[in-house]
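No hydrogens, no waters, no symmetry mates; every other heavy atom, side chains included, goes into these values.
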Amino acid sequence: MDIYLHIGAHRAASTSFQYYMRENAAALARRNTAFWGPARTRNGMFHGIMPVPSRRSMAQQMARARGRIALKLAKLEDRGFERLVISDENMLGSMRANMRDGALYRAAGQRMARYHAGFGTEVRRVGISLRSPESYWRSAMGYCLMRLGRLPEPEDMLRLAAMPRGWRDVVMDVACAMPGVEIVAMPHETMGHDAAARLGALLDTRDVPRESARVHRNAGPGPVTLRAEVAQRAGLPVEALTGADALPAFGRAQLAAMRESYEDDLYWLRAGADGLARICEEWGPETAGINPAPGPEERGQGYGTQGRRLA
């Protein structure tokens, strides 16, 4: 069975993609494609791939995890499934760790190497969504405010803006951890709005369902919600807050540096990514339509035109 991993990242429409996959489970089953989302992967399925405090050693935990996964895969094959799509952004890391470290998925290589060992050699392709750093970190700040009640300090903003680790480093870590596995990078700015497009890019096919492909789930909180949350935690009236949404903002120079870093990462991917990955920025028909050239739609000249020229 071929395994296709969708590893996020966080705040890049992963929840919307998982909702789309669940809504189209029957249509995907008719295409011999099964799906595991967080409801399966975080319910003991992957327990032991990432070691936890236990009387069992790391090797024993991994062995039990591999056996558990192998049994589930065998059951899917017995039911006639040929492909399995697994989507869980926590395979790559956690949002809390990113905010704590002030960097993008520092442990991505170590984590994905263990997941690769857990799945064996059946992983065929990995899809990862990228997002421009300034919008990624602002979305992450909103998440941490609503879930953890914490806003970044000014020094945190400076550290995030000057972060040397970009998406290129994340992709390289995943490629090194999973040798021989194809990696598809999908920019959130062009692919995040369409879950069907991301599934098509992951499976390398146009035969995917379209139902619920543009339904958005778990969107970041809006300005009104953020202002109300900050005011409540600070014990202030909402009118006392200034700014668009009460979140700390990056300066113009910081924004320019972060966008330039992201463009460098995209350029590296478009240039071939040193053979480690490929980028997919659009998804549509296999061939473009043929548009007629401007001018008359019939060949030759009309009788009236010829007559005027002769005269």
Side-chain angles (χ1 to χ4, degrees), residues 1-9 14-52 54-94 108 110-129 174 177-184 195-196 198-213 215 217-218:
M1 173 178 286
D2 292 329
I3 298 177
Y4 298 82
L5 300 182
H6 175 258
I7 59 175
S14 296
T15 305
S16 300
F17 178 78
Q18 292 153 8
Y19 173 83
Y20 159 80
M21 295 295 291
R22 292 194 303 270
E23 289 295 298
N24 289 280
L28 292 170
R30 290 193 293 270
R31 296 168 171 83
N32 299 322
T33 300
F35 171 66
W36 289 352
R40 295 288 303 274
T41 60
R42 301 178 192 178
N43 194 26
M45 176 71 69
F46 292 166
H47 182 78
I49 290 183
M50 297 306 300
V52 297
S54 172
R55 292 177 297 177
R56 298 186 176 91
S57 66
M58 294 174 56
Q60 290 174 328
Q61 293 184 49
M62 174 61 77
R64 289 176 64 88
R66 293 189 63 177
R68 187 185 311 115
I69 293 172
L71 287 174
K72 297 296 184 181
L73 294 178
K75 290 183 179 179
L76 290 177
E77 289 182 338
D78 290 342
R79 293 168 56 189
F81 288 102
E82 300 174 357
R83 292 177 296 272
L84 171 63
V85 177
I86 303 176
S87 177
D88 190 342
E89 59 273 26
N90 283 355
M91 287 191 287
L92 194 58
S94 71
Q110 176 186 3
R111 294 180 64 88
M112 294 312 301
R114 293 192 63 85
Y115 278 104
H116 192 207
F119 294 126
T121 60
E122 299 186 59
V123 178
R124 181 171 180 180
R125 189 173 294 121
V126 173
I128 178 172
S129 296
V174 175
M178 309 181 76
V181 177
E182 184 181 4
I183 299 175
V184 180
R198 281 178 287 164
L199 179 61
L202 181 62
L203 300 181
D204 194 20
T205 180
R206 264 75 179 178
D207 183 22
V208 295
R210 297 292 310 176
E211 184 71 24
S212 304
V215 176
R217 287 290 185 272
N218 197 30

Practice problem: State whether the number of non-hydrogen atoms from other residues, nucleotides or ligands found under 6.0 Å of Arg64 atom CZ is greater than 12. | Solution: no
Can you name the side-chain hydrogen bond (donor to acceptor under 3.5 Å, both in side chains) partners of [X], sequence neighbours left out?
X	result
Arg217	Tyr19
Arg56	none
Arg31	Asp207
Glu182	Arg125, Arg278

What distance do [X] atom [atom1] and [Y] atom [atom2] have between them, rounded to the nearest 0.5 Å?
X	Y	atom1	atom2	value
Arg55	Ser57	CZ	OG	12.5 Å
Trp36	Thr41	CH2	OG1	9.5 Å
His116	Ile49	NE2	CD1	11.5 Å
Lys75	Arg79	NZ	CZ	10.0 Å
Leu28	Tyr20	CG	OH	6.0 Å
Thr205	Leu199	OG1	CG	8.5 Å

Are [X] and [Y] close enough that some pair of their side-chain heavy atoms sits under 4.5 Å apart?
X	Y	answer
Gln61	Arg114	no
Leu92	Val174	yes
Glu23	Glu211	no
Phe35	Arg40	no
Ser87	Met21	no

Quiz item: So, Thr33 side chain and Ala29 main chain: donor-acceptor pair closer than 3.5 Å or not?
Solution: no
Quiz item: Do any N or O atoms from the side chain of Tyr4 and from the backbone of Gly127 form a donor-acceptor pair under 3.5 angstrom?
Solution: no
Where [X] and [Y] come nearest, the two heavy atoms and their spacing:
X	Y	result
Ile7	Ile128	CG1-CB, 4.1 Å
Ala196	Val208	O-CG2, 3.8 Å
Arg198	Ser129	CD-OG, 4.0 Å
Ala9	Ser14	O-OG, 3.0 Å

Quiz item: Arg124: what forms a salt bridge (charged side-chain N to carboxylate O under 4.0 Å, His left out) with it, not counting sequence neighbours?
Solution: Asp2
Quiz item: Residues two or more places apart in sequence or in another chain: which of them pass salt bridge (charged side-chain N to carboxylate O under 4.0 Å, His left out) with Arg42?
Solution: Asp88, Glu89
Non-neighbouring partners of [X] that pass side-chain contact (heavy atoms from CB on, under 4.5 Å), sequence neighbours left out:
X	result
Asn32	Glu82
Arg111	Met50, Ala107, Tyr115
Met1	Leu73, Leu76, Glu77, Phe81, Leu84, Glu122
Arg30	Ala26, Ala27

Practice problem: Using ring pair (Phe, Tyr, Trp, His ring centres under 6.0 Å) as the criterion, list what pairs up with Phe17, not counting sequence neighbours. | Solution: His6
